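Worksheet: the structure to be examined is printed underneath.
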Amino acid sequence: VAMAAELRSSVRPQDLVGRLGGDEFAVFAAGMDCEALLERIDSAVGGLGSAGTAPLTGPERLQEALLVADTRMYEAKRARTTALQ
């Protein structure tokens with residue numbers, strides 16, 4: 001619940017936040033740069049989790065974009081763990 005609220009507060013009113021399952025969420029932010037979106041999300045959720053972004057170029061590319069974002073999220077988690085050690 002806390003993550004959903006933080007995500008919702010970090011994006012624009014026209015953006016869509018949805019829970020994929022468990023502790024995984026997706027944010028659809030049309031026309032927004034992936035890195036700018038990632039910065040907004042990271043500053044909002046802080047220590048609550050890790051995030052990854054990917055551009056979505058069309059509905060047929062949804063699975064591909066989710067895979068890229070998921071890979072980037074795990075890379076961010078590994079980097080955070082390494083930095084703490």
Side-chain angles (χ1 to χ4, degrees):
V1 173
M3 178 65 87
E6 291 298 329
L7 284 172
R8 191 70 215 125
S9 71
S10 71
V11 298
R12 305 168 299 183
Q14 69 266 31
D15 297 333
L16 177 66
V17 175
R19 181 171 166 257
L20 299 176
D23 61 353
E24 294 186 355
F25 294 82
V27 177
F28 295 94
M32 186 166 204
D33 175 71
C34 284
E35 291 306 313
L37 178 60
L38 186 57
E39 287 176 22
R40 289 176 82 162
I41 290 171
D42 278 345
S43 67
V45 301
L48 291 178
S50 299
T53 61
L56 178 60
T57 57
E60 70 282 353
R61 300 281 201 194
L62 178 59
Q63 291 291 19
E64 180 182 324
L66 288 173
L67 180 61
V68 169
D70 204 43
T71 300
R72 290 178 178 173
M73 179 198 60
Y74 283 110
E75 289 170 358
K77 282 184 177 185
R78 277 192 297 276
R80 182 177 288 159
T81 301
T82 301
L84 293 174
Q85 294 176 350

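All values derive from a computational prediction rather than experimental measurement.
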So which atom in [X] and which in [Y] form the shortest heavy-atom distance, rounded to 0.1 Å?
X     : Y     : result
Leu37 : Ala29 : CD2-CB, 4.0 Å
Arg40 : Val11 : NH2-C, 4.1 Å
Phe25 : Met3  : CE1-CG, 3.5 Å
Ala54 : Ala69 : CB-N, 3.8 Å
Pro55 : Ala65 : O-CB, 3.7 Å

Passing option when Val27 is tested against Leu38, Leu16, Leu7, Thr53 for side chain to side chain contact (heavy atoms under 4.5 Å, CB included)
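Option passing the side chain to side chain contact (heavy atoms under 4.5 Å, CB included) with Val27: Leu7.
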Looking at Arg78 and Thr81, would you say the former's side chain and the latter's main chain have a donor-acceptor pair under 3.5 Å?
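Not at all, since once roles are kept as given, no pair shorter than 3.5 Å links the two residues.
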With distance as the sole test, does Asp42 use its side chain to make a donor-acceptor pair with the main-chain N or O of Glu39 at under 3.5 Å?
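Checked: no pair found.
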Could you measure the distance from the CG atom of Asp15 to the CZ atom of Phe28? Nearest 0.5 Å is fine.
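Asp15 CG to Phe28 CZ: 11.0 Å, rounded to 0.5 Å.
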Give every residue pair that meets the salt bridge (Lys or Arg N to Asp or Glu O under 4.0 Å) criterion with at least one member in residues 62-75, sequence neighbours excluded.
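Residue pairs passing salt bridge (Lys or Arg N to Asp or Glu O under 4.0 Å), neighbours aside: Arg61-Glu64.
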Is Leu20 linked to Leu62 within one hydrophobic cluster, defined over Ile, Leu, Val, Met, Phe, Trp and Tyr using a side-chain heavy-atom separation of less than 4.5 Å?
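Leu20 clusters together with Leu62.
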